[in-house]
Amino acid sequence: MRARLATLGATLSKTARFTTRPRLAAVLAGALLGFGQSPYDFPLAMLLAGPVLAHLAIAAATPRRAALIGWCAGFGYFALVLSWIVEPFLVDIARHGWMAPFALVGLAGGLALFWAGAFGLAQRLAPAGAARVVMLAVLWAGAEALRGHVLTGFPWALPAYALLETPWLPLAADLGPYALTLLVLTAILLPALGRGGVAASLALTLAALALAHRPVAAPAPAPGLTVRLVQPNAAQHLKRDPAHMPIFWQRMMAATAAPGAPDVVIWPEVAVSFLYASAPEAEAAMAKAAAGAPVIYGTRRWPETGGWRNTLAVTGSRDFYDKVHLVPFGEYMPFAEVFAELGIFGLAAEERGGYVPGTVRAPLSVRGLPAFLPLICYEAVFQGGVRAARGEAAWIVHLPN
């Protein structure tokens, strides 16, 4: 099967008669690569896309042409896997709808520059053939690691995420997403080298599967904890509507007070309309609905120093956590003053600069509960944030929107 895919990829690249055809093939192969990601979850598509991109990279005569192939592949990939990015702009179409296509095209084109650099540098550093394919896999994986860190990072849709619904997923715990991305890219590019490449890819794939399912010592059992997760089923465009806020509040209160005896109740990000520590009566009502159990919930905070914070709070406690890793263009605007002159502000901004990031990420200890690592929405995609409290926190509380 893989040999046939490699042959098809070679045919596609060798029959490109005009300069535009390799670019089109790269865009289509990049989009095909994206079908390994959620919600498609079809990683086999990557086995077709990988050899095509490898052949196109080998055929590129100059670093510039190779970089263009990489950019086209990246544009096709990110345009597909990040198509959801337009949805926040459609919540308030009158104000933000016009930005939706620019956001998708701009984001896809910008992220594709990382791939362009990897393809171009591989052509410069390695001769055509096996050396270039291996070099491309290494540099491509490196480019993905850079993407996860440059300008605060955007590690969405890493190639490794295609393994989420496969038997290879346990490798994520051993290798992490970036090393696993290197393994995935190597496996899908090698078949372009013919039978030897197919054999090497198959051997690598089987070895990885064996490693993923090797016997390991079972972890110590965690203490029993009954957790109740509550959400108000609020449409995004109605979440801040004053007429609907009381409805959503009553829904969360009713769910919190449902029969049972949870040890803790967890509400979503910015679940309440009141500011942190500004409504003790409301907090008391939440605690009463939870039959005395602590309620972990999302709110906002305005400290004496000024600036909005996206905050996790706990009823009956003055402990809180301010979100450290904010969403660029959503919760804060890079170069805010420049964009403000153009009348462009962050989607979630309460004022020109948007939210202010927190400065400390540390476990919280709440009465009767094991210490937990607090994360809010976007922060959960950054492995460094999750590892920050390794050995200090027994569990993770992640508040999504």
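- Other residues, nucleotides and ligands contribute only 12 or fewer heavy atoms inside 6.0 Å of the CZ atom of Phe102.
- Ring orientation note: the planes of Tyr178 and His149 are tilted relative to one another, at an angle of 30° to 60°.
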In sequence, state the C-alpha distance, the side-chain angles, and the governing distance for Thr256 and Trp267, and then conclude on side chain to side chain donor-acceptor pair (under 3.5 Å). CA-CA 9 Å; Thr256 299; Trp267 288 18; 2.9 Å; yes

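- Listed here is the closest heavy atom pair of Ser201 and Ala187: OG-O, 2.6 Å.
- Of all the heavy atoms in Met253 and Ala289, the pair that sits closest is CE-CB, 3.9 Å.
- With hydrogens and angles ignored, the 3.5 Å screen pairs no side-chain donor or acceptor of Arg361 with any backbone N or O of Val324.
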Walk me through whether Phe119 and Trp140 qualify under ring pair (Phe, Tyr, Trp, His ring centres under 6.0 Å). CA-CA 7 Å; Phe119 276 66; Trp140 194 351; 5.2 Å; yes

Worked check of side-chain contact (heavy atoms from CB on, under 4.5 Å) between Val295 and Val230: CA-CA 10 Å; Val295 179; Val230 171; over 6 Å; no

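- Arg301 places no side-chain N or O within 3.5 Å of a backbone atom of Tyr276 that could act as its donor or acceptor partner.
- The two residues Leu136 and Ala57 have their closest heavy-atom pair at CD2-CB, 3.8 Å.
- Judged by distance alone, the side chain of Arg300 and the main-chain N or O of Val270 form no donor-acceptor pair under 3.5 Å.
- With hydrogens and angles ignored, the 3.5 Å screen pairs a side-chain donor or acceptor of Arg214 with a backbone N or O of Leu211.
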Just distance, no hydrogens or angles: give the donor-acceptor pairs under 3.5 Å from side chains in residues 36-49, sequence neighbours left out.
from, atom 1, to, atom 2, distance (Å)
Gln37, NE2, Tyr77, OH, 3.2
Gln37, NE2, Leu158, O, 2.9

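- Nearest approach of Pro167 to Leu209, heavy atoms of both residues: CB-CD1, 3.7 Å.
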Stepwise, does the side-chain contact (heavy atoms from CB on, under 4.5 Å) test hold for Phe78 with Leu104? CA-CA 9 Å; Phe78 291 115; Leu104 179 58; over 6 Å; no

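- For the pair Arg309 (side chain) and Gly307 (backbone), a donor-acceptor distance under 3.5 Å is present.
- A side-chain donor-acceptor contact under 3.5 Å links His398 to the backbone of Cys377.
- Distance alone, capped at 3.5 Å, places no donor-acceptor pair between the Arg367 side chain and the Gly316 backbone.
- The side-chain heavy atoms of Val134 and Thr186, taken from C-beta on, include no pair separated by under 4.5 Å.
- Residues Val52 and Leu28 have side chains not in contact (no heavy-atom distance under 4.5 Å, counting atoms from C-beta outward).
- Checked against a 6.0 Å centroid threshold, the rings of Trp395 and Phe372 count as neighbours.
- Atom CG of Asn233 and atom CD1 of Ile247 lie 12.0 Å apart (nearest 0.5 Å).
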Residues Met286, Tyr297; criterion side-chain contact (heavy atoms from CB on, under 4.5 Å); working and verdict: CA-CA 10 Å; Met286 293 164 65; Tyr297 66 98; 3.6 Å; yes

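- For the atom pair CG of Asn401 and NZ of Lys239, the computed distance is 3.5 Å after rounding to the nearest 0.5 Å.
- Here the side chains of Cys72 and Pro22 are not in contact, with every heavy-atom distance at 4.5 Å or above.
- Among all heavy-atom pairs drawn from Ala313 and Thr299, the shortest one is CB-CG2, 4.1 Å.
- For Arg23 against Leu68, the heavy-atom pair with the smallest separation is NE-CD2, 3.1 Å.
- Proximity of the aromatic rings of Trp71 and Trp115 is defined here by a centroid distance below 6.0 angstrom, and this criterion is not met.
- Checking side-chain atoms of Trp168 against main-chain N and O of Thr205 turns up a donor-acceptor pair under 3.5 Å.
- For the pair Glu379 (side chain) and His325 (backbone), a donor-acceptor distance under 3.5 Å is present.
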Walk me through whether Leu82 and Leu111 qualify under side-chain contact (heavy atoms from CB on, under 4.5 Å). CA-CA 11 Å; Leu82 299 179; Leu111 296 177; 3.5 Å; yes

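- Inter-residue side-chain proximity for Pro191 and Val198 is flagged as met; some heavy-atom pair is nearer than 4.5 Å.
- Between Tyr378 and Trp156, the ring planes are parallel. Angles under 30° get that label, and only those over 60° would be called perpendicular.
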